[in-house]
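Whatever order the structure lists ligands and atoms in, that order sets their numbers, starting from 1. All heavy atoms count here, side chains included; hydrogens, waters and symmetry mates do not.
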Amino acid sequence: MSEPLDRSTTWPYDGRGEPREFHYQRFGSPTVAAAEAALGELDGGTALLFPSGAGATTALVLSLLGPGDTIALARGGYYGTGVTFAALAPWGLRVVEFDQTGLPPEDVQLVWLEAPSNPYLTLPDLGAAAAHPAPVVVDATVATPVHLRPLEHGADFVMHSATKYLAGHDDAMLGALVCRDAAAAEELRTFRSRTGIVAAPDPAWLLLRGLKTLELRVQRQTETAAFLAQHLRAHPSVDTVRYPGLGGLLSFDVADAETARKVETSTRLIVNATSLGGVTTLIESRSRWEGDRVPPGLLRISAGLEDPALLWADLEQALG
Ligand code: PLP
């Protein structure tokens, strides 16, 4: 069954002139609420949607933190999260990076983890983070609820770039926060309505549709990523292969930036583009975006749904 898509920005008051559950889209809308309910069930909390993953990140830190507060940020995670925090530095937000496989530093007001991190593919020590007095956020974009439900491991919030696996078809930009505590979710909802960092119905409808096939897609993408990682490990031109055994994302190193550029521009089936989590397999060299943060020969692959044997054949010919 397909859910209706309601694009209205306003709905009539009831017969007594009182607002109903939905009255103005910035405060909530039926299609967004339906997608939030579906995602909340998957992650075991209260979900709220935002216009992008970066929008969800911004809303969370602005609502939870104040000037002078410090975020402990997992080193080697999505570089854009650090860029978002740096954009908020003029408002007094501080960041310290740490190794998420160990203990978060003391004297921070928020712990930000990524499971697994993009593109280093490390997994956080959730137990160590949960013992920290500050609230814990897990960016579980790459794991998805199919592989990890961080709220069950003591996290306070899950963040998703729903643009990726959750919507899953490279055609919807969305972010999500799933909250363990219903009162915290209500505070965020109020902050979202007041600041207007709110998701629109059309991408929410695409998310609803994407969630119906999430498990099947992620299972297949995981099998394919594991298959590619295994073959890459045996290839003489490949150095380090990073794959933690879950999810559809992997990265590996070739000799240098020039070789990486040659490989990514030589694939025929695998598309040379950024992003991850869609049905099409993508490859890109990350140093074009992240500079010295990553080895110059680091290539990231997001496994899609194509035939794994054809993907490996394509990659093998591109590796020369
Ligand atoms: N978190 C991770 C792990 C990501 O890979 C991305 C985007 O690549 C984001 C967050 C940001 O999400 P969005 O592009 O939807 O703003």
Novice: Hey, does the side chain of Arg300 reach the backbone of Arg286 with a donor-acceptor pair shorter than 3.5 angstrom?
Specialist: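 Side chain of Arg300 to backbone of Arg286, a donor-acceptor pair under 3.5 Å: no, none is there.
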Novice: What do you reckon, does Val142 have a nitrogen or oxygen under 3.5 Å from a nitrogen or oxygen of ligand 1?
Specialist: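 So ligand 1 has no N or O lying under 3.5 Å from an N or O of Val142.
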Novice: Quiz question: by atom type and distance under 3.5 Å, do the side chains of Ser161 and Lys164 form a donor-acceptor pair?
Specialist: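 Checked: Ser161/Lys164 side chains pair up, N/O donor to acceptor below 3.5 Å.
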Novice: Using a 4.0 Å cutoff against the non-hydrogen atoms of Met159, which atoms of ligand 1 qualify?
Specialist: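 What qualifies from ligand 1 is 10 (C).
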Novice: Taking both backbone and side-chain atoms of Ser161, is any N or O found less than 3.5 Å from an N or O belonging to ligand 1?
Specialist: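 Yes, at least one N or O pair falls under 3.5 Å.
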Novice: At what distance is the nearest protein heavy atom to atom 1 (N) of ligand 1, and which residue and atom is it?
Specialist: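 Residue, atom and distance for the closest contact: Asp139 OD2, 2.6 Å.
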Novice: Among all protein non-hydrogen atoms, which one is nearest to atom 6 (C) of ligand 1, and what is the separation to 0.1 Å?
Specialist: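 Going by distance alone, atom 6 (C) of ligand 1 is nearest to Lys164 NZ, 3.3 Å.
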Novice: For atom 4 (C) of ligand 1, what is the nearest protein heavy atom, given as residue, atom name and distance?
Specialist: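 Nearest protein contact, heavy atoms only, for atom 4 (C) of ligand 1 is Tyr78 CG, 3.6 Å.
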Novice: Going by atom types alone, do Asp6 and Trp11 pair a side-chain donor with an acceptor below 3.5 Å?
Specialist: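 Looking only at side-chain atoms, Trp11 and Asp6 do form a donor-acceptor pair, the distance falling under 3.5 Å.
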Novice: Any idea which protein heavy atom is nearest atom 5 (O) of ligand 1, and the distance to it?
Specialist: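 Ranking protein heavy atoms by distance from atom 5 (O) of ligand 1, first comes Asn118 ND2, 3.0 Å.
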Novice: Provide the number and element of each atom of ligand 1 under 4.0 Å from a heavy atom of Thr163.
Specialist: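 Reading through ligand 1 atom by atom, the close ones are 15 (O).
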Novice: State the atoms of ligand 1, each with its element, that fall below the 4.0 Å cut-off from a heavy-atom position in Glu114.
Specialist: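 Matching atoms, with element in brackets: 3 (C).
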Novice: Please report whether the ring centroid of Phe85 lies less than 6.0 Å from that of Trp112.
Specialist: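 Ring-ring flag for Trp112/Phe85: true, centres closer than 6.0 Å.
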Novice: What residue and atom, counting heavy atoms only, is the protein's closest point to atom 16 (O) of ligand 1, and at what distance?
Specialist: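 Sorting protein heavy atoms by distance from atom 16 (O) of ligand 1 puts Ala54 N, 2.8 Å first.
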Novice: Consider only side-chain N and O atoms of Thr84 and Thr57, and report whether a donor and an acceptor are under 3.5 Å apart.
Specialist: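 Thr57 and Thr84 do not have a side-chain donor-acceptor pair below 3.5 Å.
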Novice: Please report the closest heavy-atom contact between Pro295 and Asp253, naming both atoms and the distance.
Specialist: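 The pair with the smallest heavy-atom distance is CG-OD2, 3.7 Å.
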Novice: Of the non-hydrogen atoms in Asn272 and Glu284, which two are nearest, and what is the gap between them?
Specialist: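 So the two residues come closest at ND2-CA, 3.9 Å.
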Novice: May I ask whether Leu276 places a heavy atom under 4.0 Å from ligand 1?
Specialist: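 Contact present.
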Novice: Side chains of Ser251 and Arg242: do they bring a donor and an acceptor to under 3.5 Å?
Specialist: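 The answer is yes; a qualifying pair exists.
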